[in-house]
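Have a look at the structure below, then the notes.
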Amino acid sequence: MANTNVRLSLALDACSLTIPQPDSLIVNANDTADYSKLGNASCIQWFKPTCDRLIEIGFKTFQDFSSVNNFALVEITRSKPQSLGLIAQAFDTLSKNSILMIDGNKTDGIESHLKTLRKLFNIEGVISKAHGKIFWIKKSTRPQILDQWLKGLEPTKIDHNYSTKAGIFSANHIDKASALLLENLPNHLSGNGADLGAGWGYLSSELLRSNDKIKSICLIEADWNALECAKLNINDKRAEFEWADATQYKKTKYDFIVMNPPFHLTRKAEPDIGKSFIKQANELLLPKGQLWMVANRQLAYETTLDSYFTTVNSITETPQFKVINASRPKKQIFR
Ligand SMILES: C[S@@+](CC[C@H](N)C(=O)[O-])C[C@H]1O[C@@H](n2cnc3c(N)ncnc32)[C@H](O)[C@@H]1O
């Protein structure tokens with residue numbers, strides 16, 4: 001991260017802006033980046049844990065674009081249509097002649113964005129550093145293709161008429177692991193449940209459709225955009241939607257929890273996130289509550305499951321995934 005901070009710092013120096021620029025915007029702001037040169041910029045961020053940390057360090061955060069800005073920095077995402085849509089949105093909020101900077105890693109496609117924008121705008125400067133690039137343009141005539149890029153941010157329909165958006169988990173299809181979990185869920189689930197890391201709502205939607213013994217399901221999801229899609233996908237009074245960090249959520253206790261926990265936030269596997277979800281399931285379940293989860297087969301969650309639940313059963317395994325049922329949450333003394 002240190003070198004990517006140098007990349008931004010060099011770019012800000014090179015484009016001779018008066019820094020800090022009033023009314024600056026950072027799109028997909030990163031909580032580990034150093035934006036101190038940008039003063040009290042407004043940050044657009046949809047991932048709740050990142051948003052919470054940005055607020056902690058003093059930034060105002062938003063999920064939608066609104067005001068007019070005099071400077072914008074777009075940190076690209078891993079999704080090409082989402083990044084292009086965000087570039088178009090940022091462009092549209094800028095006042096004339098303002099600078100729009102676009103920053104990102106090679107692995108996230110920054111070079112392809114530079115190539116695309118070069119065909120449409122005069123690129124004012126480029127800095128390559130730390131396996132990535134930052135480049136900037138000045139707000140000028142608006143190319144019509146930006147309308148198409150904006151469309152890339154709108155919800156689209158996938159299998160079974162589900163709505164998803166670019167950039168969210170499993171945006172193009174139903175996730176295979178979640179489908180396997182659903183196939184293996186018992187039909188006697190009842191009472192109040194939670195769906196941890198609910199995504200665009202596949203598991204909850206199917207459960208509510210097929211099971212009238214369920215009184216409620218709380219969809220707890222950190223990605224604002226995914227949760228917005230879940231709201232489009234589920235029209236059932238028993239569904240509740242919480243934009244929250246599931247590992248910190250503590251409002252109530254549940255009879256059952258279903259989850260296909262995230263196993264990475266970056267590109268490499270990070271089993272600790274799944275372990276935090278298991279620990280949280282232990283805390284959120286009633287004494288007779290049941291956890292039903294699916295995970296990639298190579299992720300070693302068994303020791304964690306055994307330390308938080310008295311009974312742990314493997315329900316099925318495929319070459320890729322495993323479905324696990326855990327019950328009788330152990331009382332945690334050292335919390
Ligand atoms: C493997 S996906 C499963 C999504 C959904 N359950 C499905 O079946 O399609 C994991 C989900 O957890 C979300 N997530 C990641 N970290 C989270 C956190 N700390 N709190 C809540 N949700 C989180 C991700 O945004 C993603 O939607």
Side-chain angles (χ1 to χ4, degrees), residues 28 31 45-54 63 77-79 82 155 158-185 189 193-210 217-234 239-251 254 256-281 283-284 291-299 301 320-324:
N28 188 29
D31 55 331
Q45 178 51 252
W46 311 271
F47 190 63
K48 190 68 167 65
T50 306
C51 227
D52 291 344
R53 285 190 291 267
L54 286 166
Q63 285 65 56
T77 74
R78 268 183 248 161
S79 153
Q82 187 184 32
I158 60 156
D159 347 343
H160 303 271
N161 217 25
Y162 279 119
S163 292
T164 69
K165 276 185 183 184
I168 67 174
F169 173 79
S170 211
N172 300 322
H173 50 79
I174 291 166
D175 180 56
K176 280 189 192 149
S178 296
L180 182 72
L181 174 59
L182 192 78
E183 262 171 46
N184 285 280
L185 287 179
L189 288 184
D195 181 351
L196 301 190
W200 50 258
Y202 171 68
L203 288 171
S204 295
S205 167
E206 296 290 329
L207 274 175
L208 288 167
R209 202 200 313 269
S210 62
I217 299 188
C218 185
L219 290 92
I220 304 168
E221 168 59 48
D223 181 347
W224 171 277
N225 289 315
L227 200 68
E228 289 298 295
C229 293
K231 290 176 191 169
L232 297 174
N233 289 327
I234 304 178
E240 294 156 19
F241 302 91
E242 290 278 358
W243 182 49
D245 179 351
T247 65
Q248 305 296 320
Y249 189 82
K250 300 222 184 312
K251 280 194 193 159
Y254 300 99
F256 67 89
I257 285 176
V258 291
M259 65 186 197
N260 171 5
F263 54 91
H264 57 76
L265 295 177
T266 57
R267 282 178 184 274
K268 57 179 196 311
E270 295 167 86
D272 285 354
I273 311 172
K275 290 178 187 168
S276 314
F277 269 58
I278 293 168
K279 173 174 181 286
Q280 186 66 350
E283 296 191 18
L284 288 176
L291 167 66
W292 291 87
M293 71 177 278
V294 65
N296 277 15
R297 206 173 147 177
Q298 85 275 11
L299 292 171
Y301 289 140
Q320 271 180 297
F321 308 113
K322 52 191 172 191
V323 173
I324 296 164

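Just so you know, ligand 1 is whichever comes first in the structure, and atom 1 is the first atom listed for that ligand.
Contact analysis puts A244 in contact with ligand 1, with a non-hydrogen atom separation below 4.0 angstrom. Not a single heavy atom of Y249 sits under 4.0 Å from any atom of ligand 1. Contact analysis leaves S170 out of contact with ligand 1, as no non-hydrogen atom separation drops below 4.0 angstrom. In this structure, F47 is part of the shell of residues with a heavy atom less than 4.0 angstrom from ligand 1.
For atom 25 (O) of ligand 1, the nearest non-hydrogen atom from the set E242, E221, Q280, M259 belongs to E221. Taking only non-hydrogen atoms, the option from A179, P261, A222 nearest to atom 21 (C) of ligand 1 is A222.
In this structure E240 satisfies the side chain to side chain contact (heavy atoms under 4.5 Å, CB included) test together with S216, C218, sequence neighbours excluded. Applying the side chain to side chain contact (heavy atoms under 4.5 Å, CB included) criterion to D52, with sequence neighbours excluded, gives K48.
Between the CD1 atom in I217 and the CG atom in L203 there is a gap of 8.5 Å [rounded to 0.5 Å].
Between F277 and ligand 1, no pair of N/O atoms sits closer than 3.5 Å. Between L203 and ligand 1, a contact under 3.5 Å exists for no N or O pair.
Of all the atoms in ligand 1, the ones that sit under 4.0 Å from a non-hydrogen atom of D245 are 18 (C), 19 (N), 20 (N). Atoms of ligand 1 lying under 4.0 Å from any heavy atom of S178, numbered from 1 in the order shown and given with element: 7 (C), 8 (O), 9 (O).
At a heavy-atom cutoff of 4.0 Å, ligand 1 is contacted by no atom of A226, backbone or side chain.
Between N233 and S205, the shortest heavy-atom contact is O-OG, 4.1 Å.
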